[in-house]
Amino acid sequence: MTALTLPARDGSLERWSPSGPRPPLPSAKPPASRIAYAAAHVVADPLAETGDSAAVDWEATLAFRHHLWSCGLGVAEAMDTAQRGMGLDWTATRELIRRTGAEARASGGRWVAGVGTDQLTGPSTVDDVVAAWLAQLELVTAAGAVPVLMASRALAAVATGPADYRGAYGKLLAAADGPVLLHWLGEQFDPALAGYWGHHDVRAAARELAELCAEHSAVVGGVKVSVLDARVETWFRRALPDGVACYTGDDFHYPELIAGDERGHSEALLGIFDPIASVAGAALGRLDAGDTAGFRALLDPTVPLAEEIFRAPTRFYKVGVVLLAYLTGHQRHFRMVAGLESARSITHLAQVLRLADAAGVLADPELAVARMRPLLAAAGVP
């Protein structure tokens, strides 16, 4: 009953059964040596009638936040993992922030939340972008979250150079009442953000952002870096002023960046921590104990899974994240907001299953196999 026929990229079919390790037991206590947030997905409501706003299964969505907290991780809410800009509209996002804030207050869960400009629906000016950011900043702050100032598609569309970015962010940061995180999302994750910070060269963009952080170090608590280049992130981390932390969003090189070196380390704010929460929580516990080798022994085997989930086109990584939530019992279906589940092939989904098993992510392999079987049948795999 645990054997499946899975497709391979060369067109062949193979019989496969899960044989990997079970997830380790994480400590529910947040790690002491690192700050770690999982960017969390939303669970769609497939039975809701189509309306003006995205249909979200709030009970399952919030239950997943409690799962992340139970693994010792913080929740990064309303980020790109939650399909912001890819199906989750501002109305639903606003409700998501409100509801997660209530759960965090009741349970003591750590969280941050994205501040974007996605309420803008038409042509905008730089001042329009700043006003939209400020409105969301007020809402997120009132909800009790640390704000994460997300990269803005609207600003990328109207900015003519670095001066426009510095001016816009300067006005935004001047209005912040407390520490905020900045979010540098590379064009691999969102092609509309190409040339962000006024530079198409990633190293020039890193220098621009480091200078911005130095100018506003009193309010910038950290920067999430999602450019999938460990060398650039390491250089950027070392260029930041004292008191400004680097949060890795590099879903390919996170073990080495979190482990760090003699000159420092990156904190974590990662989409891959959503599907590997138990492993990540246990690995960070090893790091707290000074066991870097044990940390790497748990986390390194998850990298091939992350590389598959985040393979190009990287913006569709949410499909693999939701697939694993379904296969591991955190939601009852494999449907996504805006039907995004159709963005990846059955061959990709099969490889995600294989690698999740090898990475020790599947707590109940029989459940995973049973849930994968109808997806294969719908794709015509015998």
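- Listed for the E187 side chain is no donor-acceptor partner under 3.5 Å among the backbone atoms of A194.
- Using modelled atom types, one side-chain atom of S70 and one backbone atom of H67 make a donor-acceptor pair closer than 3.5 Å.
- A 4.5 Å side-chain heavy-atom check between D250 and L228 finds at least one atom pair inside the cut-off.
- Looking only at atom types and distance, the side chain of T81 has a donor-acceptor partner in the side chain of Y317 under 3.5 Å away.
- Sequence neighbours left out, the pairs with a member in residues 336-352 that pass salt bridge (charged side-chain N to carboxylate O under 4.0 Å, His left out) are R335-E341.
- Scanning all heavy atoms of the two residues, the minimum distance from V219 to G178 falls at CG2-O, 3.2 Å.
- Salt-bridge annotation for D291 and R296: absent, with no side-chain N of the basic residue lying under 4.0 Å from a carboxylate O of the acidic one.
- In the hydrophobic clustering of ILVMFWY residues, with side-chain heavy atoms under 4.5 Å counting as a link, L287 and I276 come out together.
- Under the 4.5 Å side-chain contact rule for hydrophobic residues, W16 and L13 share a cluster.
- A heavy-atom distance below 4.5 Å is not found between the side chains of L353 and V369.
- Judged by distance alone, the side chain of Q83 and the main-chain N or O of V337 form a donor-acceptor pair under 3.5 Å.
- A donor-acceptor pair under 3.5 Å is formed between the side chain of Q188 and the backbone N or O of V227.
- With a 4.5 Å cut-off on side-chain heavy atoms, V361 and L305 count as touching.
- Salt-bridge formation is detected for the pair D261/R238: a Lys NZ or Arg NE/NH1/NH2 atom is positioned less than 4.0 Å from an Asp or Glu carboxylate oxygen.
- Side chains of V158 and T125 form no contact here, defined as non-hydrogen atoms less than 4.5 Å apart.
- Within 6.0 Å of the CD atom in E138, the count of heavy atoms belonging to other residues, nucleotides or ligands does not exceed 12.
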Where do L88 and V56 land on the side chain to side chain contact (heavy atoms under 4.5 Å, CB included) test, with the steps shown first?
CA-CA 9 Å; L88 194 75; V56 176; 4.0 Å; yes
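- Ring orientation note: the planes of F334 and Y326 are close to parallel, at an angle under 30° on the 30°/60° scale.
- Under the 30°/60° scheme for interplanar angles, the aromatic rings of Y247 and Y37 are found to be tilted.
- For the residue pair S266 / T248, no side-chain donor-acceptor distance below 3.5 Å is found, with atom types taken as modelled.
- Contact annotation: the side chain of V303 approaches that of E307 to within less than 4.5 Å [non-hydrogen atoms, C-beta and beyond].
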Could you pull out all donor-acceptor pairs under 3.5 Å where a side-chain atom in residues 205-214 meets a protein atom, sequence neighbours excluded?
residue : atom : partner : partner atom : Å
E208    : OE1  : H199    : NE2          : 2.9
E208    : OE2  : R166    : NE           : 2.6
E208    : OE2  : R166    : NH2          : 3.1
E211    : OE1  : R166    : NH2          : 2.3

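- Looking at heavy atoms from C-beta onward, H183 lies in side-chain contact with M79 at the 4.5 angstrom threshold.
- In this structure, L367 CG and T2 OG1 are separated by 13.0 Å, a value rounded to the nearest 0.5 Å.
- Of the possible polar contacts, none joining the R84 side chain to the D118 backbone as a donor-acceptor pair under 3.5 Å is found.
- Relative orientation of the F189 and F310 rings is perpendicular, given thresholds of 30° and 60° on the angle between their planes.
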Between S53 and T91, is the side chain to side chain donor-acceptor pair (under 3.5 Å) condition met? List the steps.
CA-CA 6 Å; S53 183; T91 298; 4.8 Å; no
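- For the pair T302 and I272, the minimum side-chain heavy-atom distance is 4.5 Å or more.
- Of the possible donor and acceptor atoms, one in the side chain of D357 sits under 3.5 Å from a partner among the backbone N and O of S19.
- Counting non-hydrogen atoms of other residues, nucleotides and ligands closer than 6.0 Å to CZ of R9 gives a total above 12.
- A donor-acceptor contact shorter than 3.5 Å is absent between the side chain of H348 and the backbone of G320.
- In this structure a side-chain-to-backbone donor-acceptor pair under 3.5 Å is missing from D251 to A306.
- The salt bridge (Lys or Arg N to Asp or Glu O under 4.0 Å) search around R34 returns none, not counting sequence neighbours.
- Between the side chain of D274 and the backbone N or O of A38, no donor-acceptor pair lies under 3.5 Å.
- No salt bridge links R332 with E59; every basic N to acidic carboxylate O contact stays at or beyond 4.0 Å.
- Dense packing is recorded around CG of D10, with more than 12 heavy atoms of other residues, nucleotides or ligands lying under 6.0 Å away.
- By the neighbour-count criterion of 12 heavy atoms within 6.0 Å, atom CG of D177 is sparsely surrounded, having that number or fewer from other residues, nucleotides or ligands.
- Note: W69 and H66 have perpendicular aromatic rings, judged against thresholds of 30 and 60 degrees for the angle between ring planes.
- Minimum interatomic distance between R354 and Q351 (heavy atoms only, all atoms of both residues): NH1-OE1, 2.8 Å.
- Although no hydrogens or angles enter the test, the distance criterion places no donor-acceptor pair under 3.5 Å between the side chain of E77 and the main chain of I97.
- Taking every heavy atom of both residues into account, P147 and V115 meet most closely at CB-CG2, 3.8 Å.
- Note: M336 CE to L323 CG = 10.0 Å, rounded to the nearest 0.5 Å.
- Heavy atoms of other residues, nucleotides or ligands lying less than 6.0 angstrom from CZ of R231 number 12 at most.
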